[in-house]
A.B. asks: 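Starting off with a structure, shown below.
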2 protein chains.
Amino acid sequence: MPNQLPVLAADACCTPLVTEALTEESAADLARGFKALGDPVRLRLLSLIASRAGDEVCVCDLTDAFTVSGPTISHHLKVLREAGLIGCQRRGTWVYYWIVPAKLAALSQLLDVSAAATPTTGISA
Amino acid sequence: MPNQLPVLAADACCTPLVTEALTEESAADLARGFKALGDPVRLRLLSLIASRAGDEVCVCDLTDAFTVSGPTISHHLKVLREAGLIGCQRRGTWVYYWIVPAKLAALSQLLDVSAAATPTTGISA
DNA sequence: CGTCTAGTTTGACAATTATCTAAACAGCGT
DNA sequence: ACGCTGTTTAGATAATTGTCAAACTAGACG
């Protein structure tokens with residue numbers, strides 16, 4: 001039963017990396033989010049769900065887009081859910097998923113280098 | 001909606017997740033970046049490097065902030081480097097690291113849900 | 001040359017993860 | 001109640017990953 005987990009919303013950090021160094025705790029929390037994104041299947045799943053923002057997506061619409069088995073999709077959805085990136089609800093036969101914008105925004109902001117000064121750090125590798 | 005901020009030139013992908021679903025290839029590419037961020041030590045390393053944006057950081061300044069061994073730090077720096085998130089150069093005795101803003105910006109934008117009209121649905125039971 | 005310091009590479013090991021098949025569970029329509 | 005479809009759980013396995021100690025490389029300084 002895919003019960004929706006409580007969203008541990010952007011409690012950790014909203015400050016870009018460039019502004020301030022992370023503490024150990026917030027790093028652990030945020031890394032959990034990025035780790036969930038660090039798989040091609042999960043990233044595409046999230047992408048498919050997010051591209052219907054406001055709306056929801058049924059699992060049956062997702063599985064068709066992949067070659068991996070159903071249980072594998074289910075597993076990846078669980079990882080995304082436990083990372084707080086998506087929410088879900090069963091309605092009748094189907095289970096619907098949606099994104100959690102706040103969580104995505106928190107991760108996005110952390111990487112937002114343009115938020116701080118120093119627009120051109122043109123150091124070449 | 002109008003894009004609010006001038007965007008650092010991102011090499012691979014500029015479109016937020018909410019706008020368009022990812023292809024298999026770009027998902028694999030981007031997932032590599034997120035996977036590199038999906039570890040607390042690496043995230044803190046990046047944070048320490050990025051918080052001196054424009055400047056560089058010597059490895060010796062990084063190791064002190066961690067309890068893990070030197071080789072482990074070195075390993076994580078390599079992962080970040082191979083993900084294209086940081087660059088490095090040896091000068092004399094020391095090795096200096098810096099962030100690659102464009103790469104961070106690309107990942108940040110991908111998660112930028114505010115770029116599209118998204119009702120902040122928040123937490124629903 | 002020898003040696004010291006800074007950092008990386010190698011090799012090993014335990015822990016985690018991605019994936020599958022098989023089974024269980026949850027609703028719907030007879 | 002029974003079967004059918006959609007979805008998750010359980011168990012197993014192969015691959016990946018995080019970590020360390022030991023060995024190695026690169027440069028500085030006598």
Side-chain angles (χ1 to χ4, degrees), chain A residues 1-5 22 24 27-49 56-83 85-98 125, chain B residues 22 24 27-49 56-83 85-98:
Chain A
M1 53 193 88
N3 203 355
Q4 180 185 249
L5 295 173
L22 291 166
E24 247 174 287
D29 184 44
L30 292 159
R32 221 169 294 134
F34 285 123
K35 189 192 275 186
L37 298 171
D39 180 277
V41 174
R42 283 198 293 270
L43 205 50
R44 282 182 63 213
L45 279 171
L46 193 75
S47 157
L48 285 169
I49 297 170
E56 302 161 319
V57 185
C58 174
V59 176
C60 56
D61 292 331
L62 296 171
T63 41
D64 297 339
F66 297 86
T67 57
V68 296
S69 69
T72 299
I73 296 290
S74 194
H75 161 69
H76 285 305
L77 287 171
K78 187 179 184 182
V79 172
L80 288 170
R81 209 170 64 233
E82 290 179 341
L85 294 166
I86 59 176
C88 72
Q89 189 190 34
R90 173 166 223 136
R91 281 204 302 279
T93 306
W94 296 282
V95 178
Y96 296 91
Y97 280 85
W98 59 83
Chain B
L22 292 167
E24 249 175 285
D29 184 42
L30 292 158
R32 223 168 291 134
F34 286 122
K35 189 191 278 185
L37 297 171
D39 179 277
V41 174
R42 284 198 291 270
L43 205 49
R44 282 182 62 214
L45 278 170
L46 192 74
S47 156
L48 286 169
I49 298 172
E56 301 160 320
V57 185
C58 174
V59 176
C60 56
D61 291 332
L62 296 171
T63 41
D64 297 340
F66 297 87
T67 58
V68 295
S69 69
T72 298
I73 295 291
S74 196
H75 162 70
H76 285 306
L77 286 171
K78 187 179 184 179
V79 173
L80 288 171
R81 211 172 60 233
E82 289 179 341
L85 294 166
I86 59 176
C88 73
Q89 189 190 32
R90 170 167 222 136
R91 279 204 304 279
T93 306
W94 295 281
V95 177
Y96 296 91
Y97 280 85
W98 57 83

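Below, read A as the first sequence line, B as the second, and so on, with proteins coming before strands; counting in each chain starts at 1.
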A.B. asks: Please report the closest heavy-atom contact between B:A31 and A:P40, naming both atoms and the distance.
C.D. replies: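 Heavy atoms of B:A31 and A:P40 come nearest at CB-N, 3.5 Å.
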A.B. asks: For A:C58, which residues count as a side chain to side chain contact (heavy atoms under 4.5 Å, CB included) partner, sequence neighbours excluded?
C.D. replies: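 If we apply the side chain to side chain contact (heavy atoms under 4.5 Å, CB included) test to A:C58, skipping adjacent residues, the hits are A:C60, A:D61, A:W94, A:Y96.
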A.B. asks: Verify, without hydrogens or angle tests, whether A:R44 (side chain) and A:A65 (backbone) share a donor-acceptor contact under 3.5 angstrom.
C.D. replies: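 Pair found, side chain donor or acceptor close to backbone of A:A65.
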A.B. asks: Is there any protein nitrogen or oxygen under 3.5 Å from a nitrogen or oxygen in nucleotides 4-6 of chain D, and what are the pairs?
C.D. replies:
none

A.B. asks: My understanding is that only residues two or more places apart in sequence, or in another chain, count here; which of them pass side chain to side chain donor-acceptor pair (under 3.5 Å) with B:T93?
C.D. replies: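 With sequence neighbours excluded, B:T93 shows a side chain to side chain donor-acceptor pair (under 3.5 Å) to no residue whatsoever.
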A.B. asks: Mind checking side chain to side chain donor-acceptor pair (under 3.5 Å) for A:E24 and listing every partner two or more places apart, or none if nothing turns up?
C.D. replies: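 Once residues adjacent in sequence are excluded, A:E24 has no partner under the side chain to side chain donor-acceptor pair (under 3.5 Å) criterion.
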A.B. asks: Without decimals, in angstroms, what is the distance between A:R81 CZ and D:dT7 P?
C.D. replies: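 Those two atoms, CZ and P, are 13 Å apart.
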A.B. asks: Rounded off to whole Å, could you give me the CG-to-P distance for the A:L77 and D:dT9 pair?
C.D. replies: 11 Å
A.B. asks: Where do N or O atoms of nucleotides 16-19 of chain D meet protein N or O atoms at under 3.5 Å, pair by pair?
C.D. replies:
{"from": "D:dT17", "atom 1": "OP1", "to": "B:K35", "atom 2": "NZ", "distance (Å)": "3.2"}
{"from": "D:dG18", "atom 1": "OP1", "to": "B:R42", "atom 2": "NH2", "distance (Å)": "3.1"}
{"from": "D:dG18", "atom 1": "OP2", "to": "B:R42", "atom 2": "NH1", "distance (Å)": "3.3"}
{"from": "D:dT19", "atom 1": "OP2", "to": "B:H76", "atom 2": "NE2", "distance (Å)": "2.5"}

A.B. asks: Partners of A:S74 by side chain to side chain contact (heavy atoms under 4.5 Å, CB included), sequence neighbours excluded?
C.D. replies: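 Not a single residue meets the side chain to side chain contact (heavy atoms under 4.5 Å, CB included) criterion with A:S74.
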A.B. asks: With B:R81, which residues qualify under side chain to side chain donor-acceptor pair (under 3.5 Å), at least two apart?
C.D. replies: B:Y97
A.B. asks: When you match B:T63 and A:G92 each to their closest nucleotide on DNA chain C, which lands nearer the 5' end?
C.D. replies: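 First, find each residue's nearest nucleotide; the 5'-ward one identifies B:T63.
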A.B. asks: Can you tell me how far C1' of C:dT17 sits from CD1 of A:I73, to the nearest Å?
C.D. replies: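 It works out to 16 Å between those atoms.
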A.B. asks: A:T72: what forms a side chain to side chain donor-acceptor pair (under 3.5 Å) with it, not counting sequence neighbours?
C.D. replies: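 Per chain and number, A:T72 pairs via side chain to side chain donor-acceptor pair (under 3.5 Å) with A:S69.
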A.B. asks: Rounded to the nearest angstrom, tell me the gap between atom CG in B:L80 and atom C1' in C:dT8.
C.D. replies: 15 Å
A.B. asks: Starting at atom CG of B:L62, determine the distance to atom P of C:dG7, rounded to an integer number of angstrom.
C.D. replies: 9 Å
A.B. asks: Which side chain to side chain donor-acceptor pair (under 3.5 Å) pairs, counting each pair once, include a residue from residues 33-43 of chain A, with sequence neighbours left out?
C.D. replies: A:R42-A:H76
A.B. asks: By nearest nucleotide on DNA chain C, pick out whichever of A:G70 and A:R91 is the more 5' one.
C.D. replies: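 It is A:G70 whose nearest nucleotide is closer to the 5' end.
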A.B. asks: Please state how far atom CZ in B:R32 lies from atom P in C:dA18, giving the value in whole angstrom units.
C.D. replies: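 Taking CZ of B:R32 and P of C:dA18, I get 15 Å after rounding.
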A.B. asks: Would you tell me if any nitrogen or oxygen in the side chain of A:Y97 comes within less than 4.0 Å of OP1 or OP2 on D:dT7?
C.D. replies: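 Indeed not, no polar side-chain atom of A:Y97 lies that close.
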A.B. asks: Could you state the atom-to-atom distance from CZ of A:F66 to P of D:dT7 in whole Å?
C.D. replies: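 These atoms are roughly 14 Å apart.
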A.B. asks: Please give, in whole Å, the distance from C:dT9 C1' to B:K78 NZ?
C.D. replies: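 It is 7 Å, rounded to the nearest whole Å.
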